[in-house]
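Worth knowing before you read on, the calculation uses all heavy atoms, side chains too, and leaves out hydrogens, waters and symmetry mates. Fair warning: this is a prediction, and the values are worked out from it, not measured in the lab.
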Amino acid sequence: MNTDLKPTIPEDQQTLTQPAKKTRGKQKIPIEFISNKSRRSITFYKRKSGLIKKAQELNELTKCQVLLLMASETDHIYSYASDNLQPIITNPECQEFIRSCID
């Protein structure tokens with residue numbers, strides 16, 4: 001005789017309850033223009049560093065030549081170049097050309 005009085009719940013109906021999250025965590029944001037200038041600036045600087053990191057990784061993993069140029073709203077130019085392309089961003093004539101293209 002079975003003395004166990006617990007009702008059996010089918011496995012497909014059993015759910016584990018998890019404690020409520022305290023933060024929103026990593027969420028997908030819509031890709032659209034950010035109208036708030038402060039938020040836009042913060043987003044640019046965060047994504048800029050991530051993009052430079054990805055360019056470095058691509059160069060290290062594949063030994064391909066990478067040249068990355070970014071211009072912020074404040075007209076600052078940020079760049080990354082693999083070893084063979086360094087002269088392009090360090091040569092004064094090339095720097096003038098890059099500046100003329102961005103202005």
As an exercise, state the distance from OG of Ser79 to NE2 of His76, rounded to the nearest 0.5 Å. 13.0 Å

Measure the spacing between CG of Leu67 and CD1 of Ile98 and express it to the nearest 0.5 Å. 6.5 Å

Report yes or no: does Asn59 contribute a side-chain atom to a donor-acceptor pair with the main-chain N or O of Cys64 at less than 3.5 Å? yes

Closest non-hydrogen atom pair, Arg99 against Asp75: NH1-O, 3.1 Å

With heavy-atom distances below 4.5 Å as the criterion, would you say the side chains of Ile89 and Leu69 are in contact? yes

Minimum heavy-atom distance Ser82-Gln65, with the two atoms named: OG-OE1, 2.9 Å

Identify, with sequence neighbours excluded, every residue that meets salt bridge (Lys or Arg N to Asp or Glu O under 4.0 Å) alongside Arg47. none

Of all heavy-atom pairs linking Ile34 and Arg40, the shortest is O-NH1, 2.5 Å

Heavy-atom nearest pair, Ser72 first then Thr74, reads OG-OG1, 2.8 Å

Glu73 side chain to Ser41 backbone, donor-acceptor under 3.5 Å: no

Quick one: list whatever passes salt bridge (Lys or Arg N to Asp or Glu O under 4.0 Å) with Glu93, sequence neighbours left out. none

Would you mind listing the cluster partners of Tyr80? Hydrophobic ones only (ILVMFWY), side-chain contacts under 4.5 Å, chaining allowed. Phe44, Tyr45, Leu51, Ile52, Leu58, Val66, Leu68, Met70, Tyr78

